Protein chains: 2
Amino acid sequence: MIGRLNHVAIATSDVAAASAMYRGALGAEVSDPMDLPEHGVRVVFVVLPNTKVELLEPLGENSPIAAFLAKNPAGGLHHVCYEVTDIRAAAARLAEAGARVLGDGNPKIGAHGKPVLFLHPKDMGGVLTELEEV
Amino acid sequence: MIGRLNHVAIATSDVAAASAMYRGALGAEVSDPMDLPEHGVRVVFVVLPNTKVELLEPLGENSPIAAFLAKNPAGGLHHVCYEVTDIRAAAARLAEAGARVLGDGNPKIGAHGKPVLFLHPKDMGGVLTELEEV
């Protein structure tokens with residue numbers, strides 16, 4: 001069912017410093033920061049030949065990554081996102097397997113403008129897992 | 001400098017259960033478990049079209065993932081690995097940027113039989129980061 005790894009997301013309290021580190025020490029191609037107020041994050045993309053890394057900084061009140069950074073002030077690996085071709089079929093298969101979808105169980109429109117859902121980390125070996133329809 | 005994302009590693013106390021979840025709920029292609037006693041892990045590969053996820057279970061005494069699982073008993077995202085073409089050049093660039101290489105600062109032969117190094121998470125935004133020469 002799952003296809004490509006769409007991205008790995010890393011939470012940071014300072015996306016500018018993280019960008020400088022990926023550009024400098026690792027010599028990576030890094031995008032300009034982009035604010036996504038409706039998703040509560042400022043995001044920078046580290047562009048790799050086969051996938052991307054998203055550096056996320058909290059933006060505004062109620063950012064979905066604020067609690068993670070409170071627990072992990074230095075930042076860290078936040079979630080992974082896999083691509084699926086039919087997110088409703090994916091949600092049905094997951095429900096059957098007993099994996100809980102966060103929220104009301106229905107896909108939402110995600111930060112890339114495509115339907116996404118997040119799976120409960122407790123059902124995914126401690127890993128917050130996003131599925132995105134492509 | 002960095003190229004492809006070679007893999008994302010997930011630590012788990014039960015690679016068989018994690019395999020069943022990736023195969024079942026996520027419908028992924030999952031390899032048979034492989035023991036790497038010299039690296040202190042049992043590993044399963046989740047094969048994606050563009051990269052792979054490595055599920056790691058501690059093997060034997062002094063497993064490099066034992067401390068992580070003691071802190072995160074449910075498992076979780078453990079590290080990311082980027083490919084480089086010249087790991088000694090990478091190590092020199094990292095040293096210049098002030099990023100510390102774990103151990104004695106020199107590349108070692110990693111779990112895939114290729115030269116690798118690990119960067120100190122404190123220098124990488126809280127993310128344990130591996131570089132592998134390909």
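Each chain gets a letter, A, B and so on, in the order its sequence line appears, and its residues count up from 1. Keep in mind that what you see is a predicted model, and the values were worked out from it rather than measured. These values consider heavy atoms only, across backbone and side chains, with no hydrogens, waters or symmetry-generated copies.
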Q: Return the option, out of A:L48, A:L5, A:L94, A:T51, with the maximum number of heavy-atom pairs under 4.5 Å with chain B.
A: A:L5

(Q) Using only atom types and a distance under 3.5 Å, with no angle test, would you say the side chain of B:E57 pairs donor to acceptor with the backbone of B:V15? (A) yes

Q: Could you tell me whether the side chains of A:E83 and A:H7 share a donor-acceptor contact shorter than 3.5 Å?
A: no

Q | Atom group of B:I10 that falls short of 4.5 Å from chain A, counting heavy atoms | A | side chain

Q. Side chain, backbone, both or neither: which part of B:L131 has a heavy atom under 4.5 Å from chain A?
A. side chain

**Q.** Region of B:V84 in contact with chain A, defined by heavy-atom distances below 4.5 Å
**A.** neither

Q: Grab the two heavy atoms, one from B:L56 and one from B:A9, that are nearest each other, plus how far apart they are.
A: CD1-CB, 3.9 Å

Q. Under a 4.5 Å heavy-atom cut-off, does chain A meet the side chain of B:D14, its backbone, both or neither?
A. neither

Q. Using a cut-off of under 4.5 Å for heavy-atom pairs, which of A:L26, A:N72, A:V8, A:T129 has the most such pairs with chain B?
A. A:L26

Q. Which bit of A:A97 comes within less than 4.5 Å of chain B, counting heavy atoms only: side chain, backbone, both or neither?
A. side chain

Q) Which one, A:G76, A:A17, A:A18, A:P73, leads in non-hydrogen pairs under 4.5 Å with chain B? A) A:G76

Q: For B:E54 and B:H79, test the side chains for any donor-to-acceptor distance below 3.5 angstrom and give the result as yes or no.
A: no

Q) In this structure, which one of B:D32, B:T12, B:L55, B:V53 forms a side chain to side chain contact (heavy atoms under 4.5 Å, CB included) with B:V44? A) B:L55

Q | B:E132 side-chain N/O to B:V116 backbone N/O, donor-acceptor pair under 3.5 Å | A | no

Q | Portion of A:N50 that has a non-hydrogen atom of chain B nearer than 4.5 angstrom | A | both

Q.
Measuring from atom OH of B:Y82 to atom CD1 of B:I2, what distance do you get when rounded to the nearest 0.5 angstrom?
A. 5.5 Å

Q | Heavy-atom proximity to chain A below 4.5 Å, by part of B:L119 | A | side chain

